[in-house]
Number of protein chains: 2
Amino acid sequence: MFERIERKGVADQIASSLREAIVGGRLRAGDALPSERELATRYEVNRSSVREALRRLEAWGLVEIRQGGATRVRDVLVSAGLQVLPYLIEPRGRVNRAIVRDLLELRAMFLAWCAQSAAERANATTVARLDRLAKALSEARSPSELQQLDYDFFETLVKSSGNRVLLLMANVVREVYMAHRERFVAMYADGAFDAEHHREAVAAIRARNPTAAAAAMRAHALAGIAAVEEIR
Amino acid sequence: MFERIERKGVADQIASSLREAIVGGRLRAGDALPSERELATRYEVNRSSVREALRRLEAWGLVEIRQGGATRVRDVLVSAGLQVLPYLIEPRGRVNRAIVRDLLELRAMFLAWCAQSAAERANATTVARLDRLAKALSEARSPSELQQLDYDFFETLVKSSGNRVLLLMANVVREVYMAHRERFVAMYADGAFDAEHHREAVAAIRARNPTAAAAAMRAHALAGIAAVEEIR
DNA sequence: GCCTTGCTACTGGTCGGACCACCGGACCGG
DNA sequence: CCGGTCCGGTGGTCCGACCAGTAGCAAGGC
């Protein structure tokens, strides 16, 4: 009880409706959307609200708006940004396993690369923070607690890589991951998770051994992928 | 004469103005923006236009809008998406070298990883396309031509990795890169570029040798970084 | 017959003014 | 001190009007 109450604005709902139509394939790339005035009539809302929804879709890279001409649907995989990921993962309520696997593969690449960068340039403060997280991971028991700590470890690693562009990517990934965190909790179920790789990585970073650090985090990520795949 | 006339909508200009204030640091994280009504008065435009601009900033992750409360500036590096990259690269007309280097480093990681994936799973069609691009790179002369071909090579590699999440990332990176392509043309000036690494990579992909493919593309990317750094 | 020109009916863009929903602080009574 | 109530200000939605740009069509010229 006391669960969060949904309160979405009109514009939000329209944006969601259109987004699902596009991502779900009911509207194809190149198709022209009805005019703003017609959408307003059909949804029985004001044109301003429709406009607001359309601007959001445009910011997501899902449609192309041109004054005087029709608003057209763009090809999702060619022009959409990372923000649409949550909707690709779960179109029509069913999880798209292939996309999840793609995401986890990228996670493996990022983890390994960040660990390598961290080993090359991390300072004592960062190493200490990673060390604390690794220790906490060794002691934590509940899967959700492990998941949170592991995510914190990931973020700390990204920050310690010192790459600000990667930081921006991580921001988007965080939103996606947090929205679907229960999908990935399987990676932390009894026995599926072992903090050994984290301890190894921290030791390697402290010893300034990039290769070993990368290998440890890659091993961790691959173990996670295996755990998720097994569950399904 | 008859040069192209700038035609940006009112909302666009307001969004740019506010974006620069935020990215440039004149508005700090946590600061409250003036109300929509006041912004409308100050800019001498309609409130609708201000709203449209604010929604765009929200989509970029630069501000947080809450009904009943003030619209507040968010921490760029904590919540912004990749879309703001162009403005981080060139705040106030001066190029931020550190960000450019971060971007090129990530490019190196992506290139290597894509080449590896491609070697593991590319089909004959893709290999043939990469082969054509590598040949064209060997023959092209002008830097801008080389740049375009190299970018095509990168995109083809991303597609052949088969990872759709990476594809979404590449979409955003493409917009950033294309907006600043002149900045990177130095990588392709006389003598700075050699198609040898591309030929190696294609050969390795065809031979299904992931390690060699990754090494070849990493070498190419590192050479590019060196060329850019030297110019400055 | 073909191309050009200009009209026209549509599209999105901006305007202003009104009212609703919501938040936070000031104020008041218990 | 606590809980309500009120009120000013904020964003959210609505309406109806006009401006600005596009695309297609139809009359005119070659």
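So that the names make sense, note that chain A is the first sequence line, chain B the second, and so on, each numbered from 1. Values below: every heavy atom of this structure, side chains too, minus hydrogens, waters and symmetry copies.
Atom CD of E36(B) is separated from atom C1' of dG16(C) by 15 Å (rounded to the nearest Å). Atom CG of L54(A) and atom P of dG12(C) are 8 Å apart (whole Å). Between the C1' atom of dG11(D) and the CG atom of L39(B) lies a distance of 12 Å, rounded to the nearest Å. Going from atom CG of L33(B) over to atom P of dG11(D) covers 9 Å, rounded to whole Å. In this structure, N46(B) atom CG and dG16(C) atom C1' are separated by 6 Å, rounded to whole Å. Rounded to whole Å, atom C1' of dT13(D) lies 11 Å from atom CD1 of I14(A). Nucleotide dC14(D) holds its P atom 12 Å from the CD atom of Q67(B), rounded to whole Å. Here dT11(C) presents its C1' atom at 12 Å from CD1 of I65(A), a figure rounded to the nearest Å.
Remark: S49(A) is in phosphate contact with dC14(D), judged by side-chain N or O atoms under 4.0 Å from OP1 or OP2. Here R55(A) does not reach the OP1 or OP2 of dG12(C): none of its side-chain N or O atoms lies under 4.0 Å away. A close approach under 4.0 Å does not occur between any side-chain nitrogen or oxygen of R47(A) and OP1 or OP2 of dA17(D). A close approach under 4.0 Å does not occur between any side-chain nitrogen or oxygen of S48(B) and OP1 or OP2 of dG16(C). R51(A) has a side-chain polar atom (N or O) that falls below the 4.0 Å cut-off from OP1 or OP2 of dG13(C). Contact check, S35(B) against dT10(D): a side-chain N or O comes under 4.0 Å of OP1 or OP2.
Looking at heavy-atom distances under 4.0 Å, R72(A) makes no contact with the nucleic acid at all.
Comparing V45(B) and R37(B) along DNA chain C, the residue whose closest nucleotide (by nearest heavy atom) sits nearer the 5' end is V45(B). Comparing V10(A) and G69(A), the nucleotide of DNA chain D nearest to each residue sits closer to the 5' end for V10(A). Along DNA chain D, the nucleotide closest to G68(A) and the one closest to A11(A) are compared, and the more 5′ of them pairs with A11(A).
Ring orientation note: the planes of F184(A) and Y177(A) are close to parallel, at an angle under 30° on the 30°/60° scale.
S160(B) contributes a side-chain N or O that, together with a main-chain N or O of L157(B), makes up a donor-acceptor pair within less than 3.5 Å.
Side chains of T126(B) and R129(B): no donor on one and acceptor on the other come within 3.5 Å. Side-chain atoms of E175(B) and N171(B) include no donor-acceptor pair closer than 3.5 Å.
Aromatic ring centroids of H220(B) and F154(B) lie 6.0 Å or more apart.
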